[in-house]
Trainee: 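Got a structure for you, questions after.
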Amino acid sequence: MRIILSPAKKMKEDPDTLAYMGLPEFLDQTEEILAWLRSRTQEELKRLWVCNDRIVGQNVERLAHMDLRKNLTPAVLSYEVIAYQYMAPAVFETGQFEYIQEHLRILSAFYGVLRPMDGVTPYRLEMQARIDLELGGRHFTDLYSFWGERIYRELVREDRIV
């Protein structure tokens, strides 16, 4: 059985409370998205994110200094939305972390599929965001087409392993 959650726009950095246990499965694709985001102007990012100037500024700053391999927060602690707050992972015991690591997956426009203890850094990106991304001779106009069947295939693959 898999429990699937969506991420949240509001995120926090907390690399000190709990160590992350691994990196996201699709980190190479995340690096491609990051490079594309960094190549956009602030005005293009504002249209992409559909948000106010303060949030744009915060996220442009994040992009400029983002390191996908250092100073990471476990995904389950990173997202600030009611589903994660009510889960209260900050007070989990070892068995509870083991359970969610095996059964919970977080779907992300930036990372694809995350395990709860995968290390992430704050980002702003939604699946329905309109993009104009050219990779490997293929053109993508949204993140649904970019991720294609990868997310589904990863979830199915993991189900067969368990």
Side-chain angles (χ1 to χ4, degrees), residues 2-92 96-97 100-101 103-133 135 140-148 150-151 154-155:
R2 290 277 180 251
I3 302 163
I4 299 173
L5 288 178
S6 59
K9 287 182 186 176
K10 192 173 178 188
M11 295 181 73
K12 66 180 177 183
E13 286 180 290
D14 184 4
D16 300 323
T17 297
L18 192 63
Y20 67 93
M21 292 174 54
L23 294 173
E25 180 72 23
F26 297 117
L27 198 56
D28 290 344
Q29 289 79 12
T30 302
E31 288 173 336
E32 293 170 351
I33 294 170
L34 177 57
W36 182 83
L37 289 169
R38 284 179 171 160
S39 73
R40 305 292 94 182
T41 67
Q42 189 159 334
E43 194 55 43
E44 288 172 320
L45 290 170
K46 183 176 183 176
R47 284 192 304 273
L48 176 75
W49 292 328
V50 189
C51 59
N52 65 42
D53 290 335
R54 182 188 62 77
I55 293 172
V56 171
Q58 175 190 37
N59 285 284
V60 166
E61 184 70 19
R62 282 178 174 169
L63 287 175
H65 302 288
M66 189 175 283
D67 187 329
L68 300 175
R69 289 178 167 73
K70 293 182 184 165
N71 199 32
L72 304 175
T73 302
V76 74
L77 296 181
S78 185
Y79 297 106
E80 292 186 298
V81 69
I82 265 186
Y84 296 89
Q85 291 168 358
Y86 283 177
M87 193 183 331
V91 296
F92 275 6
Q96 293 164 315
F97 279 116
I100 66 165
Q101 185 69 3
H103 296 283
L104 175 66
R105 294 297 175 266
I106 302 163
L107 305 185
S108 164
F110 191 57
Y111 287 105
V113 178
L114 293 166
R115 293 173 306 257
M117 298 305 292
D118 284 350
V120 300
T121 189
Y123 64 91
R124 184 177 182 96
L125 194 61
E126 296 178 35
M127 285 296 264
Q128 66 269 18
R130 303 302 297 165
I131 63 171
D132 187 17
L133 181 58
L135 287 171
F140 303 99
T141 58
D142 59 40
L143 290 160
Y144 289 109
S145 63
F146 174 79
W147 287 109
R150 273 180 264 204
I151 292 172
E154 178 63 14
L155 292 172

Trainee: Which atom pair, heavy atoms only, marks the closest approach of Tyr84 to Ser6?
Mentor: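 Looking at all heavy atoms of both residues, the closest pair is OH-O, 2.9 Å.
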
Trainee: Rounded to the nearest 0.5 Å, how far does CD of Gln58 lie from CG of Asp53?
Mentor: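 Between Asp53 CG and Gln58 CD, I get 13.0 Å after rounding to 0.5 Å.
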
Trainee: Might you work through the side chain to side chain contact (heavy atoms under 4.5 Å, CB included) test for Leu37 and Leu45, ending with a clear yes or no?
Mentor: CA-CA 8 Å; Leu37 289 169; Leu45 290 170; 3.9 Å; yes

Trainee: Look up atom CG in Leu125 and atom NZ in Lys9, then write down how far apart they are to the nearest 0.5 Å.
Mentor: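 Interatomic distance, Leu125 CG to Lys9 NZ, rounded to 0.5 Å: 11.0 Å.
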
Trainee: Side-chain contact, heavy-atom cut-off 4.5 Å: Asp142 with Gln128?
Mentor: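 Of all side-chain heavy-atom pairs linking Gln128 with Asp142, none is under 4.5 Å.
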
Trainee: Give the C-alpha distance, both sets of side-chain angles, the deciding distance and a yes or no for side chain to side chain contact (heavy atoms under 4.5 Å, CB included) between Phe97 and Met21.
Mentor: CA-CA 11 Å; Phe97 279 116; Met21 292 174 54; over 6 Å; no

Trainee: Please round to the nearest 0.5 Å and tell me the distance separating atom CZ of Phe110 and atom CG of Leu68.
Mentor: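 Between atom CZ of Phe110 and atom CG of Leu68 there are 5.0 Å.
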
Trainee: Taking side-chain contact (heavy atoms from CB on, under 4.5 Å) as the definition, give me every residue that meets it alongside Ile151, ordered by chain and number, with sequence neighbours left out.
Mentor: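 Residues passing side-chain contact (heavy atoms from CB on, under 4.5 Å) with Ile151: Leu107, Val113, Met127, Trp147, Leu155.
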
Trainee: In the structure I gave you, are the side-chain heavy atoms of Asn71 and Thr121 within less than 4.5 Å of one another anywhere?
Mentor: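 Sidechains of Thr121 and Asn71: no contact.
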
Trainee: To the nearest 0.5 angstrom, please state how far the OG atom of Ser78 sits from the CG atom of Asp118.
Mentor: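 Reported value, rounded in 0.5 Å steps: 11.5 Å.
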
Trainee: Is Glu31 salt-bridged to Arg69, going by a charged N under 4.0 Å from an acidic O?
Mentor: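 Salt bridge flag = yes for Arg69 with Glu31.
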
Trainee: Mind listing the closest non-hydrogen atom pair of Glu126 and Ala109 along with its distance?
Mentor: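 Between these two residues, the closest heavy atoms are C-CB, 3.5 Å.
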
Trainee: Can you give me the closest heavy-atom contact between Arg40 and Glu44, atom names plus distance?
Mentor: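 The answer is CA-OE1, 3.3 Å.
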
Trainee: Calculate, to the nearest 0.5 Å, the distance between atoms CZ and CG belonging to Arg130 and Leu143 respectively.
Mentor: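 Interatomic distance, Arg130 CZ to Leu143 CG, rounded to 0.5 Å: 10.0 Å.
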
Trainee: Let me see the working for Val81 and Leu5 under side chain to side chain contact (heavy atoms under 4.5 Å, CB included), right down to the final yes or no.
Mentor: CA-CA 11 Å; Val81 69; Leu5 288 178; over 6 Å; no

Trainee: Could you tell me if the side chain of Ile55 sits less than 4.5 Å from the side chain of Trp49, heavy atoms only?
Mentor: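 Contact flag for Trp49/Ile55 side chains = no.
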
Trainee: Quick one, Tyr79 with Ile106, criterion side chain to side chain contact (heavy atoms under 4.5 Å, CB included). Give me CA distance, side-chain angles, the key distance, then yes/no.
Mentor: CA-CA 10 Å; Tyr79 297 106; Ile106 302 163; 3.9 Å; yes

Trainee: How far apart are the C-alpha atoms of Ser108 and Tyr123, what are their side-chain angles, what is the distance that settles it, and do they pass the side-chain hydrogen bond (donor to acceptor under 3.5 Å, both in side chains) test?
Mentor: CA-CA 10 Å; Ser108 164; Tyr123 64 91; 2.8 Å; yes

Trainee: Restricting to non-hydrogen atoms, name the atom on Leu104 and the atom on Pro116 that form the minimum distance, rounded to 0.1 Å.
Mentor: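 Scanning both residues, the minimum pair turns out to be O-CD, 3.2 Å.
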
Trainee: Are any of the side-chain heavy atoms of Phe140 and Ile33 separated by less than 4.5 Å?
Mentor: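 Side-chain contact under 4.5 Å: no.
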
Trainee: Can you name the closest pair of heavy atoms from Arg105 and Ile100 and give their distance?
Mentor: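 Closest approach of Arg105 to Ile100, heavy atoms only: NH1-O, 4.1 Å.
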
Trainee: Counting N and O atoms only, with roles assigned by atom type, does the side chain of Asn59 sit under 3.5 Å from a partner on the main chain of Arg62, one being a donor and the other an acceptor?
Mentor: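 No, the answer is negative, given that no donor and acceptor are paired below the 3.5 Å cut-off.
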
Trainee: When you compare the side chain of Val56 with that of Gln42, does any pair of heavy atoms fall below 4.5 Å?
Mentor: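 With C-beta onward as the side chain, the pair touches.
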
Trainee: Minimum heavy-atom separation for Pro122 to Met66, with atom names?
Mentor: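 Closest approach of Pro122 to Met66: O-CE, 3.1 Å.
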
Trainee: So, taking the atom named CZ in Arg2 and the one named NE2 in His103, what distance separates them when rounded to the nearest 0.5 Å?
Mentor: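 Taking CZ in Arg2 and NE2 in His103, the distance rounds to 7.5 Å.
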
Trainee: For Tyr20, enumerate each residue passing the side-chain contact (heavy atoms from CB on, under 4.5 Å) test, keeping only those at least two apart in sequence or located in another chain.
Mentor: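 With sequence neighbours excluded, Tyr20 shows a side-chain contact (heavy atoms from CB on, under 4.5 Å) to Leu23, Leu72, Pro74, given in chain and number order.
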
